[in-house]
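A short worksheet on the structure shown next.
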2 protein chains.
Amino acid sequence: MSESQLINNPDTVSEATINRLSLYSRLLSALETEGITVVSSRELSSRSHFTATQIRRDLACFGQFGKRGIGYEVSTLKRAVNEILGVHIRRKVALVGVGNLGSALLGYRVLYAHNFEIVTAFDSDPQKWNQVINNVVVQDPSRLPQIVRSEQIEIGIIAVPPHAAQRTLDLLVSAGIRAILNFSPTRLVVSRHIKLRNVDLSIELEGLSYFLQHEPINAHKKHDSRCK
Amino acid sequence: MSESQLINNPDTVSEATINRLSLYSRLLSALETEGITVVSSRELSSRSHFTATQIRRDLACFGQFGKRGIGYEVSTLKRAVNEILGVHIRRKVALVGVGNLGSALLGYRVLYAHNFEIVTAFDSDPQKWNQVINNVVVQDPSRLPQIVRSEQIEIGIIAVPPHAAQRTLDLLVSAGIRAILNFSPTRLVVSRHIKLRNVDLSIELEGLSYFLQHEPINAHKKHDSRCK
DNA sequence: TAGATTGTTAATCGATTAACAATC
DNA sequence: TAGATTGTTAATCGATTAACAATC
């Protein structure tokens with residue numbers, strides 16, 4: 001199966017659509033496990049919180065995967081979605097920062113199950129060098145450029161303290177890494193040709209706090225308001 | 001300082017705006033540290049990747065905080081934003097699932113610095129009961145409802161394996177928790193009156209994988225395309 | 001063929017940006 | 001007063017939803 005049927009230029013596909021593709025992939029895996037071989041967008045919709053139209057439109061960004069009057073072949077669509085996401089290939093990941101969060105990521109099986117593999121870890125603390133955590137050896141960050149190249153690592157994860165985050169990002173980029181996941185609660189500056197995603201736990205918790213602050217217990221009513 | 005000047009019904013404020021408020025709060029803290037006392041939306045814009053209009057509009061959802069011709073008083077605006085987010089109050093958090101990720105969260109200082117405190121942890125594995133991790137005692141989940149009530153815990157974090165996530169959510173909700181952060185890669189079903197946010201690392205990494213798959217190295221060009 | 005469902009165009013909705021009157 | 005900057009209305013942009021012709 002090749003990507004020859006791809007019609008779209010991915011530059012123009014929204015991040016929201018890409019995120020939904022990940023969920024479609026999981027949904028299709030679940031259907032496959034259940035032994036369901038053909039599925040309509042309506043059925044996919046009923047098993048998720050997406051509308052049938054939205055699912056069809058998202059897929060239409062990348063080609064024509066269904067049969068009118070019939071629906072989608074589950075295994076074919078799943079393979080296509082995984083290829084669109086590029087998750088049919090195992091991706092090698094470098095972790096920088098082996099503190100609490102970093103060590104946890106080394107043992108986080110879900111990532112491995114989704115075809116990502118943390119193959120090296122780095123920490124600026126010399127006491128951690130050569131420690132082995134979940135089969136991964138912690139290295140001196142000065143060795144990062146060489147190891148990234150020799151191991152063909154494509155993705156970097158930043159799990160260092162806030163003050164070291166920008167420096168770490170620059171190090172990863174100069175080593176040729178083009179896709180980076182940042183866990184530090186810092187807005188980093190990066191060239192447009194590099195993909196940076198942020199996971200910011202403080203923002204998530206503060207969003208929950210906002211809800212607690214404003215949503216009275218047992219509130220069910222709706223008002224109108226000046227602010228959309 | 002009270003919330004008396006709040007004009008808006010928060011039901012209608014978008015999640016995007018709320019997330020930006022967290023970043024405005026940080027920005028204002030940094031300005032305060034620098035000794036800057038008054039700031040314009042233009043200056044805030046230049047120190048972030050938000051437009052001045054967007055900042056003014058976000059704030060306008062909640063009242064009038066600036067002086068025309070002058071700008072915003074940094075400390076006043078910071079306090080107002082923190083009250084809007086409800087982060088002026090310390091919030092107690094219960095963690096469920098003390099595996100790799102859960103243990104890491106117990107030691108994650110950034111949360112404490114943002115006024116969140118994990119006061120108890122639960123795990124279904126009896127071998128972990130009564131273990132103390134970062135001053136927090138791991139408990140039997142059957143004690144959760146009682147402890148949530150006695151400790152006045154408002155927020156729950158789900159860090160259990162995927163198959164236990166829905167059950168954990170239901171347990172938290174039945175104990176009276178209304179705001180929940182879910183780390184399991186599972187889409188959970190929840191009543192409309194409960195706020196659930198998901199942190200899904202697989203989706204983030206798959207978004208990076210998509211970029212690697214589609215963005216050729218050194219690609220700078222733009223095409224037009226059928227898909228917006 | 002009749003019924004079902006896709007792929008896509010047109011309509012709607014919501015969020016962002018531009019513009020500007022109000023006012024410090 | 002003149003210059004600056006807010007708060008807000010109107011215009012634009014982008015994403016979602018509805019509708020339907022194409023077609024299995």
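Since the structure is predicted, the reported quantities are computational estimates derived from the model, not experimental observations. Chain naming here is simple, since letters A, B, ... match the order of the sequence lines and numbering starts at 1 in each.
Between B/F62 atom CZ and D/dG7 atom P there is a gap of 14 Å when expressed in whole angstrom units. Protein atom CD of A/E73 is 16 Å distant from nucleotide atom C1' of C/dT6, rounded to whole Å. Straight-line distance from the CG atom of B/L77 to the P atom of D/dT5: 16 Å, rounded to whole Å. Per the geometry, CD belonging to A/Q54 stands 18 Å off P belonging to D/dG14, to the nearest Å. In this structure, A/E15 places its CD atom 15 Å from P of D/dG14, rounding to the nearest Å. Spacing between atom CG of A/D58 and atom P of C/dT8 amounts to 14 Å, rounded to whole angstrom units.
Residues meeting the salt bridge (Lys or Arg N to Asp or Glu O under 4.0 Å) test with A/R197, sequence neighbours left out: A/E15, B/E204. Applying the salt bridge (Lys or Arg N to Asp or Glu O under 4.0 Å) rule to A/R47 yields the partners A/E34, A/E43; only residues at least two apart in sequence or on another chain are considered. Residues satisfying the salt bridge (Lys or Arg N to Asp or Glu O under 4.0 Å) test with B/R26, not counting sequence neighbours, are A/D200. Every residue meeting the side-chain hydrogen bond (donor to acceptor under 3.5 Å, both in side chains) condition with A/R20, not counting sequence neighbours, appears here in chain and number order: A/T17, A/D58. For B/F211, there are no ring-ring contact (aromatic ring centres under 6.0 Å, His included) partners at least two apart in sequence or on another chain. Not a single salt bridge (Lys or Arg N to Asp or Glu O under 4.0 Å) links B/R68 to another residue, sequence neighbours left out. Scanning for ring-ring contact (aromatic ring centres under 6.0 Å, His included) contacts around B/Y108 gives an empty result, with sequence neighbours left out.
Taking a 4.0 Å limit (strictly below) on heavy-atom distances, residues 19-46 of chain A reaches DNA chain D at A/R20.
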Reading 5' to 3' through nucleotides 18-24 of chain C, protein heavy-atom contacts under 4.0 Å coded B for base, S for sugar-phosphate only, - for none = BB-BBBB
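Evaluation of the salt bridge (charged side-chain N to carboxylate O under 4.0 Å, His left out) test over residues 151-160 of chain B, restricted to residues two or more places apart or in two chains, returns B/R91-B/E154, B/K92-B/E151. The ring-ring contact (aromatic ring centres under 6.0 Å, His included) pairs that include a residue from residues 30-58 of chain B are B/Y24-B/F50, where partners are two or more places apart or lie in different chains.
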With both pairing distances under 3.5 angstrom for Watson-Crick or G-U wobble, and | for a partner in another strand, the correct string for DNA chain C is ..||||||||||||||||||||||
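Tested against A/L208 for a side-chain contact (heavy atoms from CB on, under 4.5 Å), the candidates B/I155, B/I18, B/V93 yield a single pass: B/I155.
Classification of B/E215 and A/K195 as a salt-bridged pair fails, no side-chain N sitting under 4.0 Å from a carboxylate O.
At the phosphate of C/dG7, OP1 or OP2 sits under 4.0 Å from a side-chain N or O atom of A/Y72.
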